[in-house]
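Input: a single structure, listed below in structure tokens.
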Amino acid sequence: MKSMHKPQTIACALSALFALAAATTASANTALWIGNPGVTVTTNWSDNANWNNIGGGGAGALQNDVRFGGTGSAAAAGTITSVVDVNQHPFSLTYTNGPGQFHTTFIPAGVTLTNDNGLIVGGLTADAYTTVVNITGEGTLVQNGTPVTVQNYGSSASTALATLDLSGLTSFVYTNSGGTLTVGGAGGNRSAGSLSLAGVSNCVTVGTLNLATGSGANAANSSLKLGSGTNIINVGVVNIVNNKNSATLNFQGATGGLRLRGVGGTDADRANFTVANRNQTGTGTATGTLALNGHPVDIKAGTMIIGQNSAGSSVNTGTGNLQFDTGTVDVTTLNLAVCSNPGAAAANGTVTVGSGGTLIVGSGGFSLVNRTGAAAAATGALNISGGSVIASNSIIKTTSTSSTGNITMTGGTLSVAAGKTIGTPAIPLDSVTLSSATLNLSVAISLTNINVGALNLVDAANTVNVATLPPIGGFPAQFPLAVYTSFPGGGSLALGTLPNSFLGYISNDFAGTVWLVVTNGPFVAKSDLWAGAANDNWDTTSLNWTNAGVAVAYVEGDLVTFDDSARTNNVNLTGARSPTTLTVSNSVLNYTFSGPGS
């Protein structure tokens, strides 16, 4: 995928340079479109007879505030109402046509429409007020200025909507690293909008992308549809739904891919996401969905929040969803179901990774549930349906009360880094359900890999691969892989691979623990620190030593150390001992070694 995007990224950068080079200064007047298909001689932008210029300055559209209203509109969508027949350079561009009034602006091949400042579709307040605009053709729309806003507002009903459809256009370039792209969500009440990006190529660099983030009462559903070709988006912050709104970000059809980075556009630049933040009082829910299934994606994100409720007081829910099944989503910190509402509200977050998809969660961690509201509830779910999840940190819940965190795997692979766990002993996950699933884990002393309430093994086709083992001084050695409180399924876990030439098996004691039993393999000396907690004997059975803070027995060949932390300085060698190394590092305790082996 990276090789696929590289030339397109360069093309996007070149388009951006062209767009910036084309920018000029201030507007001269307002240019109202009065061309009318079948009435005026032409519908060309270059024909000054098609414009009513109000104020000083030159005629036509060039460096003027261009406005399209009801005049010259068509009775049906798709009828061309204006033609950008030569390169044009308006100061700003606004469409305010209403219900039953459709504008289609055509940009032919080889022609560029460059807009220096705001691109506004709608912006009006009236129930059932709909603004529909299509920009089509094999040419290019270059947007330099900010904001780009697609929305209408309702007064008392959730029926207003503004639509900008670029799907019939070849190329769209928006370059403004401090700008905003807002679809249904900038001020006003009951705002809603729909934006379909260009069909072949989209290169967008913008500071903030807002989808359905308007304040006030419930609005109609908003949407952002990615193009059927290349979509390169470099953005600082992505807000998908807040307040009482609902929206979906998805693709227009069966084709198209997405490469998304931070504003800088490099692999080191990451965008921050919030999907569905119910952050306003009153009734109504917030539902936001990133529905990317069936399309290759390459996303690098910093912090991603899926499902949030931060309203001061509300009993309603913020529900966020991320779905993808092809390509990679690489996120530093992933937080699901974040609920700080003190009222009886809820936050729900779900991530589903389908076959062909890879979710990488970095050092910031993966939290299924983050609940701090006193009466609130939160539910987070990770669903792996044939895909792959790689976690560099533990997968946890931050709270246990009114918090539900579940992992469900139907096929696919879950890999957790060494020293990290699924759930914690203090706050286990609620359920881990495995069906023909593969787990890649690393075993360590004093660590249980899976801490869960219900361990549901649906079938016997589940496999655990162990990447690393702690030092083992004798065989058999056993380590807890999973601790559970209920075992509703009738399936099992099978051992896949062990490191080096170790051999072993997995055993479920059906009393709450699944064990890894290592039966043989290469001897690995461990480090033993003398404690003398059981007695004074240096033998091979007494737990007089510690390794990483855990009481252990000495095994011949271990690396032993005596320091000032021991309970006793008297050491009775019950027989001859052969440590690989012996270190005495003491300044307080004066050791006395005695016994038959001394």
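Residues P579 and Y554 form a side-chain contact, since some pair of their non-hydrogen atoms from C-beta on lies under 4.5 Å apart. Between L434 and L493 there is a side-chain heavy-atom pair separated by less than 4.5 Å. Contact annotation: the side chain of T561 never approaches that of V584 to less than 4.5 Å [non-hydrogen atoms, C-beta and beyond]. Contact of the L481 side chain with the I506 side chain is registered, since non-hydrogen atoms from C-beta on lie closer than 4.5 Å. Counting only heavy atoms from C-beta outward, the side chains of L322 and T352 never approach each other to under 4.5 Å. Residues F502 and I472 have side chains in contact (heavy-atom distance under 4.5 Å, counting atoms from C-beta outward). L292 has its side chain within reach of L249: a pair of non-hydrogen atoms, C-beta onward, lies under 4.5 Å apart. Side-chain contact check for T408 versus S435: every heavy-atom pair is 4.5 Å or farther apart.
With sequence neighbours left out, the side-chain hydrogen bond (donor to acceptor under 3.5 Å, both in side chains) criterion links N440 to S415, N465. Residues that satisfy the salt bridge (Lys or Arg N to Asp or Glu O under 4.0 Å) test with K526, not counting sequence neighbours, are D528, D558.
Looking at every heavy atom in both residues, N451 comes nearest to T421 through ND2-CB, 4.1 Å. Nearest heavy-atom pair across V263 and S177 is CG1-CB, 3.4 Å. V241 and T287 make their closest contact through CG2-O, 3.4 Å (heavy atoms, listed as atom of the first residue, atom of the second, distance). Shown here for N309 and G318, the closest heavy-atom pair between the two residues is ND2-N, 4.1 Å. Of all the heavy atoms in L414 and M409, the pair that sits closest is N-CE, 3.7 Å. Considering every non-hydrogen atom in both N231 and N202, the closest pair reads OD1-ND2, 3.1 Å.
No side-chain donor from either of N537 and S542 sits under 3.5 Å from a side-chain acceptor of the other. A donor-acceptor contact under 3.5 angstrom links the side chains of D459 and S436, judged on distance only. A donor-acceptor pair shorter than 3.5 Å can be found between the side chains of N535 and N544. If you check the side chains of T248 and N250, you find no donor sitting under 3.5 Å from an acceptor. Residues S403 and T399 have side chains that bring a donor and an acceptor to within less than 3.5 angstrom of each other. N239 and N210 are linked by a side-chain donor-acceptor pair at a separation below 3.5 angstrom, with hydrogens and angles left out of the test.
With ring centers used as reference points, Y505 lies 6.0 Å or more from W515. Ring to ring, W538 and W545 are close: their centroids are under 6.0 angstrom apart.
Considering N508, N456, T513 in turn, N508 is the only one that fulfils the side-chain hydrogen bond (donor to acceptor under 3.5 Å, both in side chains) rule with Y484. Of the residues listed (T266, D298, N234), the one engaging R261 in a side-chain hydrogen bond (donor to acceptor under 3.5 Å, both in side chains) is D298, and it is the only one. Of the residues listed (V353, I384, T438), the one engaging T413 in a side chain to side chain contact (heavy atoms under 4.5 Å, CB included) is T438, and it is the only one.
Under the 30°/60° scheme for interplanar angles, the aromatic rings of W530 and F562 are found to be tilted.
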Next on the checklist: side-chain contact (heavy atoms from CB on, under 4.5 Å) for I360 and V329? Distances and angles first, verdict last.
Outcome noted: CA-CA 6 Å; I360 300 173; V329 175; over 6 Å; no
Item to check | CA sep, side-chain torsions, deciding dist, call: V466, L495, side-chain contact (heavy atoms from CB on, under 4.5 Å) | outcome: CA-CA 8 Å; V466 177; L495 181 61; 4.3 Å; yes
Next on the checklist: With side-chain contact (heavy atoms from CB on, under 4.5 Å) as the criterion, how do L368 and L429 come out once you've worked through the C-alpha distance, each side chain's angles and the decisive distance to 0.1 Å?
Outcome noted: CA-CA 9 Å; L368 292 178; L429 299 190; 3.9 Å; yes
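A salt bridge links D430 and K397; the closest N-O separation between the charged side-chain nitrogens and carboxylate oxygens is under 4.0 Å.
Checked by atom type and distance alone, the side chain of R259 pairs as donor or acceptor with a backbone atom of G265 at under 3.5 Å.
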